Protein chains: 2
Amino acid sequence: MRPSINVNQTERIVRALERAGYQATPNRRLVARLVAATGGHFTAADLLERGRRERVKIGRATVFRALEVLTALRVVERLELPSGSHAYVVCDPDEHHHHLVCSNCGRSEDVADGELARLVDEVGRRHGYRIETHRLELFGICPLCAAATEVTDPGGRA
Amino acid sequence: MRPSINVNQTERIVRALERAGYQATPNRRLVARLVAATGGHFTAADLLERGRRERVKIGRATVFRALEVLTALRVVERLELPSGSHAYVVCDPDEHHHHLVCSNCGRSEDVADGELARLVDEVGRRHGYRIETHRLELFGICPLCAAATEVTDPGGRA
DNA sequence: TTGACGTTGATACTCGGTCTCATTTGGCGG
DNA sequence: CCGCCAAATGAGACCGAGTATCAACGTCAA
Ligand SMILES: [Zn+2]
Ligand SMILES: [Zn+2]
Ligand SMILES: [Zn+2]
Ligand SMILES: [Zn+2]
């Protein structure tokens with residue numbers, strides 16, 4: 001909620017761009033800002049829409065292209081929701097991890113790989129595969145949404 | 001490779017349809033057969049194409065609809081390849097599991113959830129989420145493809 | 001200044017999938 | 001066997017996300 005948080009995150013994204021040799025153009029800064037301002041997962045259309053509401057003009061292709069480079073830089077990651085549709089989330093580029101996503105509000109948290117690595121290894125060995133990549137995505141109700149629901153439905157008669 | 005295997009799998013799929021109250025129409029049987037005949041993941045377009053080669057006529061929408069019900073019956077599952085595109089795999093409907101997919105030939109194997117359940121639980125607790133679903137997908141090189149590669153590149157100079 | 005190169009936006013296009021709607025078919029009671 | 005109705009089907013329009021094309025533009029260094 002505090003804007004400074006987003007400013008920092010915007011800066012982090014911009015720096016990642018520059019570090020990788022991309023120009024930090026106004027458009028890319030804009031996308032960085034929009035991305036940083038999301039409290040959870042988002043789509044290209046979302047960004048476009050929010051840009052439009054702010055009266056800033058940016059091409060659709062440009063947004064997709066920006067997301068493309070941010071994805072390559074692992075600053076955002078594209079994930080598949082249980083519904084089967086896609087969404088992007090901002091992401092810590094520095095170490096391998098997975099995502100825990102609130103099915104209600106869309107909030108997303110990074111989850112350390114932890115013991116999963118060992119488990120994956122084991123599966124590979126058992127099946128004789130040389131495993132190259134894996135993907136783990138967790139979906140559920142975040143504490144805030146759970147709290148909100150409890151208030152609405154106190155006690156829970158189930 | 002033995003047709004009987006596929007026949008059995010076809011039958012299993014057809015029975016799943018009937019058990020769930022769907023008509024086992026010729027079209028659905030066809031899709032079941034095509035699906036059962038795949039040695040790995042496939043797309044709706046693949047099925048259409050193979051149907052066309054067999055000179056059997058079936059509408060595109062029908063194939064999608066059949067895959068839709070098979071997905072609902074958990075007889076097939078749709079997964080997202082590392083490339084970002086989608087594919088379907090046949091699947092054991094009877095117990096929760098995940099998929100291990102060969103990046104080279106597309107073969108897919110079911111992988112028991114095993115310790116993952118515990119791990120998922122733990123993550124939920126640590127983050128305060130009530131976890132509803134999770135998805136794990138593993139990608140790598142299957143033993144057969146690995147063997148084939150070894151022959152081509154004996155020793156491995158890396 | 002000039003040229004190379006990266007970036008942009010408009011637009012056309014692709015691809016997977018869905019929707020609509022008129023027609024056909026399967027299953028069933030009479 | 002007949003007739004009925006719900007389920008299933010196919011053709012084709014439609015859709016949304018993403019990509020490709022291409023001409024115009026910005027940046028920067030020589
Ligand atoms: Zn992340
Ligand atoms: Zn939430
Ligand atoms: Zn293989
Ligand atoms: Zn599982």
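Every heavy atom of this structure was used, including side-chain atoms; hydrogens, water molecules and symmetry mates were not. Chain naming here is simple, since letters A, B, ... match the order of the sequence lines and numbering starts at 1 in each. The structure displayed is predicted, hence computed values, not measured ones.
- Reading DNA chain C from its 5' end, the first and the last nucleotide to sit under 4.0 Å from a heavy atom of chain A are dG6(C) to dG9(C).
- If G21(A) and A45(B) are placed on DNA chain C by their nearest nucleotide, the residue sitting closer to the 5' end is G21(A).
- The six-membered or imidazole ring of H98(A) lies near that of H134(A), with a centre-to-centre distance under 6.0 Å.
- Between the side chains of H127(A) and E109(B), a donor-acceptor pair is found at a separation under 3.5 Å.
- Between L67(B) atom CG and dT9(D) atom P there is a gap of 12 Å when expressed in whole angstrom units.
- Classification of E54(B) and R33(B) as a salt-bridged pair holds, one side-chain N sitting under 4.0 Å from a carboxylate O.
- A heavy atom closer than 4.0 Å to some atom of DNA chain D occurs in R60(A), A61(A), F64(A), R65(A), these being the qualifying members of residues 47-65 of chain A.
- Rounded to whole Å, atom P of dC28(D) lies 11 Å from atom CD of E18(A).
- Under 4.0 Å is where a charged nitrogen must lie from a carboxylate oxygen, and between R28(B) and E18(B) no such pair does.
- Side-chain atoms of D113(A) and H97(A) include no donor-acceptor pair closer than 3.5 Å.
- With salt bridges taken as basic N to acidic carboxylate O contacts below 4.0 Å, none links R50(B) and D46(B).
- Under the 4.5 Å side-chain contact rule for hydrophobic residues, L47(B) and Y88(B) share a cluster.
- The distance from atom OH of Y22(B) to atom P of dA8(D) is 8 Å, rounded to the nearest whole Å.
- Side-chain atoms of E132(A) and S103(B) form a donor-acceptor pair, as typed in the model, at a separation below 3.5 Å.
- Look at E68(A) and R78(A) and you find no salt bridge, because none of the NZ, NE, NH1 or NH2 atoms lies under 4.0 Å from a carboxylate O.
- A heavy atom lying under 4.0 Å from DNA chain C marks the following residues of residues 23-44 of chain A, by number: Q23(A), T25(A), N27(A), R28(A).
- Between R135(B) and E80(B) no salt bridge is recorded (no basic side-chain N to carboxylate O distance below 4.0 Å).
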